[in-house]
Amino acid sequence: MMHQVAVILVNYNSAEHTLHCLKSIAEHTSDRLDYQVVIVDNNSHYDNFAMLENGINGLADSHHTLIRSRINTGFGGGNMEALSAVKAKYLAFVNNDTLFKNDCLSLLFEAMENNPNYGITGGQAYKEDGSQLISLDHLASPGREIFGRSMLEKIDSKKYPNRKKKYTEPVKTGFVPGSFMFVRATDFYAVGGFDTNIFLYYEETDLCKRLADKGKTAWLIPSAEFVHFHGISTPRSIGIKKELKISLLYIIRKHYGFFGWLSVWLFLSVKYSFSGLLKPKNFPLLVLLLKGAPLKESLKQKQTISEI
């Protein structure tokens with residue numbers, strides 16, 4: 001059976017948030033929308049997985065499929081694993097640390113159905129206190145990293161819309177955040193889905209760049225609203241900061257070639273040469289950069305396979 005939408009979530013040691021997210025989806029999604037939900041547990045501690053499994057079994061509806069991965073494959077890898085159970089026209093990649101404020105799925109479904117030029121869409125995110133979160137961004141590039149987002153917005157406001165503005169109408173952007181992405185399955189499959197070389201961070205930038213290269217651009221649909229708690233399963237640490245640099249330099253090299261990579265690498269190396277002296281906690285970032293921030297330093301290489 002082909003559904004209209006497949007909602008895909010990845011759980012990693014945050015079952016309570018995943019269950020709240022699932023309840024939010026059920027409460028706010030119209031009965032007129034035919035959707036399925038696929039949850040991938042990314043090798044959480046087994047007691048957390050058991051909590052998730054028991055919670056899903058206790059839900060009132062039967063939309064859900066739960067997959068247990070015995071190794072943490074990261075954000076992109078976890079989402080890709082869900083595809084084995086997906087049969088839908090559209091894919092909605094939803095972070096488990098989100099709560100819907102309205103019928104986001106139906107709103108994004110209708111926007112995509114009515115606008116064939118929309119390649120990938122996202123909704124407007126809010127913090128728990130109700131304040132607005134940035135929900136559109138400019139693609140990572142040598143220009144963005146060296147000159148900054150604000151400079152790009154001043155140079156070309158049409159290509160680089162103001163990220164902090166409150167929008168009421170759909171707006172074309174470089175990419176929509178990975179906390180909530182809605183894409184046609186055929187387009188997602190045609191570009192190969194998520195690049196699983198990336199363990200964490202910049203997966204959405206990479207995906208939206210490849211879609212844009214095929215003429216499938218990203219759009220913010222501000223009428224679709226959700227709360228994003230952000231960073232529930234990946235609290236900031238020096239390891240996470242290193243992962244950010246590894247992923248960034250990987251996609252810069254992938255999309256802008258050696259000289260694009262070199263310009264960003266030189267910029268970051270100089271930046272963290274000073275930062276490492278002033279803030280010793282940043283010194284490991286400099287060491288990583290001097291190694292070239294290779295994928296072999298990624299957290300992906302440190303994952304182990306669980307027995308259950």
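Numbering starts at 1 and runs along the sequence shown.
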Output the rest of the hydrophobic cluster of [X]: all Ile, Leu, Val, Met, Phe, Trp and Tyr residues reachable through side-chain heavy-atom contacts under 4.5 Å, sorted by chain and number.
X: Phe274; answer: Val270
X: Phe175; answer: Leu139
X: Val171; answer: Leu136, Tyr167, Leu220

Looking only at heavy atoms, what is the nearest atom pair of [X] and [Y], with distance?
X: Val183; Y: Met112; answer: CA-CE, 4.2 Å
X: Thr205; Y: Ala140; answer: CG2-N, 3.5 Å
X: Asn72; Y: Asn43; answer: N-CB, 3.5 Å
X: Val10; Y: Asn42; answer: CG1-ND2, 3.6 Å

Please say whether more than 12 non-hydrogen atoms of neighbouring residues, nucleotides or ligands are located less than 6.0 Å from [atom1] in [X].
X: Asp129; atom1: CG; value: yes
X: Lys23; atom1: NZ; value: no
X: Glu169; atom1: CD; value: no

Quiz item: Between the side chains of Asn102 and His28, is a donor N or O closer than 3.5 angstrom to an acceptor N or O?
Solution: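 No, no side-chain donor-acceptor contact under 3.5 Å.
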Self-check item: Any side-chain donor near an acceptor of the partner, His17 and Asn11, under 3.5 Å
Solution: no
With rounding to the nearest 0.5 angstrom, report the [atom1] to [atom2] distance, [X] to [Y].
X: Leu266; Y: Lys271; atom1: CG; atom2: NZ; answer: 14.5 Å
X: Asp195; Y: Tyr250; atom1: CG; atom2: OH; answer: 3.5 Å
X: His64; Y: Leu52; atom1: NE2; atom2: CG; answer: 10.0 Å
X: Leu244; Y: Leu248; atom1: CG; atom2: CG; answer: 8.5 Å
X: Leu268; Y: Ser263; atom1: CG; atom2: OG; answer: 9.5 Å

Quiz item: Restricting to pairs with a member in residues 172-186, which pass side chain to side chain donor-acceptor pair (under 3.5 Å), not counting sequence neighbours?
Solution: none
Quiz item: What ring-ring contact (aromatic ring centres under 6.0 Å, His included) pairs are there with at least one residue in residues 127-146, not counting sequence neighbours?
Solution: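 ring-ring contact (aromatic ring centres under 6.0 Å, His included) check on residues 127-146 returns His138-Tyr160.
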Quiz prompt | Residue pairs involving residues 85-111 (criterion ring-ring contact (aromatic ring centres under 6.0 Å, His included); sequence neighbours excluded) | solution =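 Checked against ring-ring contact (aromatic ring centres under 6.0 Å, His included) - neighbours excluded - the pairs reaching residues 85-111 are Tyr90-Phe109, Tyr90-Phe182, Phe93-Phe188, Phe93-Phe194, Phe100-Phe180.
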Exercise. Using atom types as modelled and distance alone, determine if a side-chain donor or acceptor of Lys300 lies under 3.5 Å from a backbone N or O of Thr196.
Key: yes
Quiz item: Can you tell me if Asp97 uses its side chain to pair, donor with acceptor, with the backbone of Phe229 under 3.5 Å?
Solution: no
Practice problem: Please name the residue in the list Gln4, Met2, Lys89 that meets the side chain to side chain contact (heavy atoms under 4.5 Å, CB included) test with Asp34. | Solution: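 One option only clears the test, and that one is Gln4.
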